[in-house]
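Notes to accompany the following structure.
What you are looking at is a predicted structure, and each value in this text was computed from that prediction instead of being measured.
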Amino acid sequence: MTHTTLDRKPRSTSDGRRRPSPDGKRLFGRPSAGRQHHAGPLTYVLLGLAALVSLFPLYWNLVAASHSGERVVEAPAPLLPGPRLFDNLTFAWNQVDMGEALINTTVVAGLVALSTVLFSTLAGFAFAKLPFKGRNAMLALVVATMTIPPQLSVIPLYRIITDLGWVDQLQSVVLPSLVAAFGVFFMRQYLIEALPVELVEAARMDGAHSLRIIWHVVFPVARPAMAVLGMLVFVQAWNDFFWPFIALTPDGNPTLQVALAGLGAGNHTVDQAVVLTGALISTLPLLLVFAVLGKHIVGGITSGAVKS
């Protein structure tokens with residue numbers, strides 16, 4: 001009499017991984033590796049609603065910029081575009097020299113983003129892969145600076161720029177923001193996982209000096225994180241208002257956010273439609289940057305999300 005073998009215990013391969021069951025069924029009720037999951041109709045509905053909620057403030061900003069100031073503050077608020085968009089754009093552009101403010105903001109945000117990415121990558125590489133005495137204590141000190149409110153440094157910082165004669169000069173806004181503690185910590189955390197120490201040691205064994213290692217090894221590996229950090233810092237510098245409003249003046253050498261503070265002012269009233277028109281002008285360049293670099297930014301954010 002022949003006996004049928006009922007052993008359904010999954011066999012293991014030489015590398016320790018389990019083979020699928022002979023009958024092709026999934027083990028333990030879990031889907032097999034590599035199986036793609038497709039979103040259902042409910043997922044698309046929820047994503048569509050989230051997109052509409054996120055885009056509605058921008059849409060209403062456009063609607064408000066196309067109406068008069070009296071119509072914007074009326075109830076109920078307008079929900080459809082009006083006929084005054086180009087008139088408001090022209091008035092807002094000329095009232096506070098929006099063109100100069102746009103150039104100043106682009107210069108400030110670009111320099112701050114480039115310097116922060118460069119210095120944060122160098123410092124992050126040092127904290128991640130270079131052994132030196134007091135490394136952990138210095139990293140803790142850098143992270144601790146993120147808990148200090150920026151308002152505490154306003155008075156000494158203003159006295160410094162006054163002594164240097166930098167009031168109402170763009171360098172008074174750029175130099176205090178050349179590097180950020182968040183950027184150092186962000187790049188350090190990324191390079192710990194993304195940059196193998198063996199790669200750095202192999203470059204040193206080949207005779208590469210530190211600058212060559214940074215240029216040919218560290219920067220290519222850190223490029224996705226550098227793109228994400230650069231975008232975050234650029235947006236933050238573009239929208240920064242507190243310190244630029246103290247160091248700059250609306251009538252002198254303003255950035256966009258400082259120029260918006262003096263926009264729409266009239267005889268004891270503020271034209272809210274003109275103010276929202278200026279806000280629309282300051283938002284459009286950011287939307288353009290994200291539209292051009294959106295794929296690279298999202299790719300950089302998700303580059304380390306999945307392990308092979």
Side-chain angles (χ1 to χ4, degrees), residues 89-124 142 145-146 148-184 186-187 226-265 270 274-293 297:
L89 286 174
T90 303
F91 184 80
W93 187 270
N94 295 326
Q95 185 182 15
V96 293
D97 198 357
M98 195 70 72
E100 180 185 4
L102 182 62
I103 294 175
N104 291 341
T105 307
T106 304
V107 172
V108 170
L111 291 177
V112 170
L114 288 176
S115 63
T116 300
V117 169
L118 175 61
F119 293 133
S120 297
T121 303
L122 296 177
V142 170
T145 59
M146 292 191 293
I148 302 176
Q151 291 81 1
L152 296 180
S153 61
V154 168
I155 295 178
L157 192 56
Y158 187 79
R159 293 191 60 180
I160 291 174
I161 67 170
T162 302
D163 295 339
L164 294 174
W166 288 355
V167 177
D168 207 15
Q169 301 294 325
L170 295 183
Q171 58 263 32
S172 64
V173 181
V174 174
L175 292 180
S177 305
L178 288 179
V179 67
F182 167 77
V184 174
F186 178 82
M187 294 305 303
M226 293 170 67
V228 175
L229 179 61
M231 184 61 187
L232 295 176
V233 175
F234 185 87
V235 173
Q236 181 182 7
W238 186 279
N239 294 325
D240 192 16
F241 172 76
F242 180 70
W243 173 244
F245 184 72
I246 296 174
L248 306 175
T249 60
D251 298 328
N253 207 19
T255 58
L256 274 174
Q257 308 307 322
V258 177
L260 291 179
L263 192 61
V270 176
V274 176
V275 174
L276 291 172
T277 303
L280 179 65
I281 294 174
S282 66
T283 305
L284 290 178
L286 293 180
L287 297 178
L288 180 62
V289 170
F290 190 83
V292 174
L293 302 177
I297 296 169

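- Val258 approaches Thr249 most closely through the heavy-atom pair CG1-C, 4.0 Å.
- In terms of modelled atom types and a separation under 3.5 Å, the side chain of Thr277 and the main chain of Ala92 share no donor-acceptor contact.
- Of the residues listed (Thr106, Thr105, Thr283), the one engaging Leu256 in a side-chain contact (heavy atoms from CB on, under 4.5 Å) is Thr105, and it is the only one.
- Here the CH2 atom belonging to Trp243 is positioned 12.5 Å from the OG1 atom belonging to Thr255, to the nearest 0.5 angstrom.
- The CG atom of Asn239 lies 12.0 Å from the CZ atom of Phe241; values are rounded to the nearest 0.5 Å.
- Across all non-hydrogen atoms, the minimal contact from Leu260 to Ala279 is CD2-N, 3.8 Å.
- Pairing each heavy atom of Glu100 with each of Gly252, the nearest pair is OE2-O, 3.7 Å.
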In residues 150-159, what donor-acceptor pairs under 3.5 Å come from side-chain atoms, sequence neighbours left out?
residue: Ser153; atom: OG; partner: Pro150; partner atom: O; Å: 3.0

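- Using a distance-only test at 3.5 Å, with no hydrogens or angles considered, a donor-acceptor pair links the side chain of Asn104 to the main chain of Pro254.
- For the atom pair CE (Met187) and CG (Leu229), the distance works out to 6.5 Å, reported to the nearest 0.5 Å.
- Nearest approach of Gly278 to Met98, heavy atoms of both residues: CA-CE, 4.1 Å.
- Looking only at distances, no side-chain donor or acceptor of Trp166 sits under 3.5 Å from a matching main-chain atom of Ala247.
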Donor-acceptor pairs under 3.5 Å, side chain of residues 108-123 to any protein atom, not counting sequence neighbours: which ones?
residue: Ser115; atom: OG; partner: Leu111; partner atom: O; Å: 3.0
residue: Ser115; atom: OG; partner: Val112; partner atom: O; Å: 3.1
residue: Ser115; atom: OG; partner: Leu178; partner atom: O; Å: 3.1
residue: Thr116; atom: OG1; partner: Val112; partner atom: O; Å: 2.7
residue: Thr116; atom: OG1; partner: Ser177; partner atom: O; Å: 3.4
residue: Thr116; atom: OG1; partner: Leu178; partner atom: O; Å: 3.4
residue: Ser120; atom: OG; partner: Thr116; partner atom: O; Å: 2.6
residue: Thr121; atom: OG1; partner: Val117; partner atom: O; Å: 2.6

Problem set entry | Trace of the side-chain contact (heavy atoms from CB on, under 4.5 Å) decision for Val167 with Ser172 | CA-CA 7 Å; Val167 177; Ser172 64; over 6 Å; no
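- One finds the CG atom of Leu175 at 10.5 Å from the CG atom of Leu170 (value rounded to the nearest 0.5 Å).
- Note: Leu164 CG to Gln169 CD = 11.5 Å, rounded to the nearest 0.5 Å.
- Shown here for Asn253 and Asp168, the closest heavy-atom pair between the two residues is N-OD1, 3.1 Å.
- Checked by atom type and distance alone, the side chain of Gln257 pairs as donor or acceptor with a backbone atom of Trp238 at under 3.5 Å.
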